[in-house]
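Throughout, a chain's letter reflects where its sequence line sits, starting with A, and its residues are numbered from 1. Note that this is a predicted model, so its numbers are computed, not measured.
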Protein chains: 2
Amino acid sequence: MSRIKEIENKLVHAKYKLTTPRRLIMEILLENEGEHLTAEDIHNRLREKGQPVGLATVYRTLELFCELGILSRLNFEDASSYYELEEHDQHHHHLICLACNRIIEFSDELLEDFMVSIERKYGFEVTDHKIKYLGYCSHCRN
Amino acid sequence: MSRIKEIENKLVHAKYKLTTPRRLIMEILLENEGEHLTAEDIHNRLREKGQPVGLATVYRTLELFCELGILSRLNFEDASSYYELEEHDQHHHHLICLACNRIIEFSDELLEDFMVSIERKYGFEVTDHKIKYLGYCSHCRN
DNA sequence: CCTCCAAGTGATAATGGAATTCATTAATTT
DNA sequence: AAATTAATGAATTCCATTATCACTTGGAGG
Ligand SMILES: [Mn+2]
Ligand SMILES: [Mn+2]
Ligand SMILES: [Zn+2]
Ligand SMILES: [Zn+2]
């Protein structure tokens, strides 16, 4: 099943429509998979492509997609939120270089056991988690 | 050595002074240790105590204290930043209940090994890290 | 096809946390 | 004491995000 079809299913299942603006936003996200985009980034790229979508709609759509588990909202240490497609298979997190702002991704499979121990210890049902390591990347250390 | 003296040392060592506004802000933080306070919280409590400090100074001081490692800046999933005193002995992180917004703290000593493996694998020098688990606390689950 | 109408959109204004400005004040040095 | 420097705070600005509201869209039902 194509990625876009899969997403349409999620929308329809939650009683939403795949409107033109929503499809255009999804296309931008798919075309830029692997990047971390802000709402404004997406708004700009749509304008540049001659397929403008209102900024308010971009924000609303990103929020909706986050609720549906299509996207993740990321907070690096600046003022904006960044978005990336959620990969249902492998979850990853981010190393944030304080010198050059490079973002390096790492998988968290090794943290599974730790998470389970936290759930047991606190009777807390974990539905999501976010891990950030801040420091200096291999280009910037020393 | 008293907590306030210890902090004064950090300031002086970094060529800053322990001015009255800085001391007042530090007192609020010490009096409310264990809480997670916003800049506005601190500003309000100072006003209520009859020891007002300008909001700009509160922000500047919190930023300075973060740089000096006296405070940690926390981002739960809302718009504001929260601050807490950094305990040099035990680092902790937060479970965030999506239903009642309770914040539960947990220690991260078990994550030490994982952090070291990340440093090795990516040649990344970790100077700080932030871990959040989102979900439902024992009062809210089910 | 048409009509209807809830759902969705988008230009614009409003919001609010945080950063900046700049005149004033406090502390330090000469 | 004068001069230099650091810090303060009221006011302003910034800027990402949210709210508003008149308008548009597009699918369900005829
Ligand atoms: Mn990523
Ligand atoms: Mn805490
Ligand atoms: Zn770097
Ligand atoms: Zn709860």
Side-chain angles (χ1 to χ4, degrees), chain A residues 7-28 36-68 70-83 101, chain B residues 7-8 10-28 36-68 70-84 101:
Chain A
I7 287 154
E8 182 170 7
N9 285 349
K10 278 193 184 173
L11 280 170
V12 170
H13 182 262
K15 313 260 184 283
Y16 295 102
K17 303 172 206 165
L18 181 58
T19 61
T20 302
R22 285 174 184 162
R23 188 177 41 72
L24 292 173
I25 290 166
M26 184 47 55
E27 282 170 12
I28 291 291
H36 303 118
L37 301 174
T38 64
E40 205 116 11
D41 289 337
I42 292 165
H43 180 246
N44 288 337
R45 292 188 194 191
L46 285 165
R47 219 169 7 79
E48 287 159 14
K49 281 177 78 180
Q51 300 171 320
V53 171
L55 187 54
T57 299
V58 173
Y59 275 105
R60 279 187 294 238
T61 302
L62 294 174
E63 191 188 352
L64 176 63
F65 285 2
C66 283
E67 279 166 19
L68 298 178
I70 295 166
L71 289 184
S72 299
R73 173 190 276 108
L74 309 176
N75 281 103
F76 302 144
E77 300 290 288
D78 63 2
S80 326
S81 290
Y82 295 81
Y83 298 84
N101 297 314
Chain B
I7 286 154
E8 182 170 7
K10 277 193 185 174
L11 280 170
V12 170
H13 182 262
K15 313 259 185 284
Y16 295 103
K17 304 169 210 164
L18 182 59
T19 60
T20 302
R22 286 173 184 161
R23 186 176 43 72
L24 291 173
I25 290 166
M26 183 48 54
E27 282 170 12
I28 290 292
H36 303 120
L37 301 174
T38 65
E40 205 115 10
D41 289 337
I42 293 165
H43 180 245
N44 287 337
R45 291 187 195 193
L46 285 165
R47 219 169 6 77
E48 287 159 15
K49 282 178 77 180
Q51 300 171 320
V53 171
L55 187 53
T57 300
V58 173
Y59 275 107
R60 279 187 293 239
T61 301
L62 294 174
E63 190 187 352
L64 176 62
F65 285 2
C66 282
E67 279 167 19
L68 298 179
I70 295 166
L71 289 183
S72 300
R73 171 190 275 108
L74 309 176
N75 281 102
F76 303 142
E77 299 291 287
D78 63 1
S80 330
S81 290
Y82 294 82
Y83 298 84
E84 69 181 3
N101 297 313

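Summarising the geometry, the separation between CG on B:Leu37 and P on C:dA18 is reported as 13 Å, rounded to the nearest angstrom. Rounded to whole angstrom, the span from the CD atom of A:Glu40 across to the P atom of D:dC14 amounts to 15 Å. Nucleotide D:dA16 holds its P atom 11 Å from the CG atom of A:Asn44, rounded to whole Å. Atom pair A:Lys17:NZ and C:dA6:P shows a separation of 11 Å (rounding to whole Å applied). Atom CD in B:Gln51 sits about 15 Å away from atom P in D:dT8, given to the nearest Å. The distance from atom CG of A:Asp78 to atom C1' of D:dT17 is 14 Å, rounded to the nearest whole Å. The nearest whole Å value for the distance from the OH atom in A:Tyr82 to the P atom in D:dT17 is 9 Å. Separating the CG atom of B:Leu62 from the C1' atom of D:dT8 is a distance of 15 Å, rounded to the nearest angstrom.
Along DNA chain C, the nucleotide closest to A:Thr61 and the one closest to B:Leu55 are compared, and the more 5′ of them pairs with A:Thr61. Heavy-atom distances to DNA chain C give each of B:Thr19 and A:Val53 a nearest nucleotide, and the one nearer the 5′ end belongs to A:Val53.
B:Thr38 comes within 4.0 angstrom of nothing in the nucleic acid, heavy atoms only. Among the atoms of the strands shown, none is found under 4.0 Å from any heavy atom of B:Thr20. Residue contacts for A:Thr57: at a heavy-atom cut-off of 4.0 Å it reaches a base atom on one of the strands shown.
Contact annotation: B:Arg22 reaches the phosphate of D:dT8 (side-chain N/O to OP1 or OP2, under 4.0 Å). Contact between the side-chain N/O atoms of B:Ser80 and the OP1/OP2 oxygens of C:dG16 is not found at any separation under 4.0 Å. Residue A:Tyr59 places at least one side-chain N or O closer than 4.0 Å to OP1 or OP2 of D:dT17.
Considering all non-hydrogen atoms of both residues, B:His43 and B:Val53 come closest at CD2-O, 2.9 Å.
Taken from OG1 in A:Thr38 to CG in A:Leu74, the straight-line distance is 11.5 Å, to the nearest 0.5 Å. With rounding to the nearest 0.5 Å, the separation of CD1 in B:Ile70 from OH in B:Tyr83 is 13.5 Å. Summarising the geometry, atom NE2 belonging to B:His13 is positioned 14.0 Å from atom CD belonging to B:Glu8; distances are rounded to the nearest 0.5 Å.
Among C:dA18, C:dG17, C:dA27, the nucleotide with an atom closest to any side-chain atom of B:Ala39 is C:dA18. Counting only heavy atoms from C-beta on, B:Ala56 has its side chain closest to C:dT20 among C:dT20, D:dA6, C:dG10.
Checked against a 6.0 Å centroid threshold, the rings of A:Phe76 and A:His36 count as neighbours.
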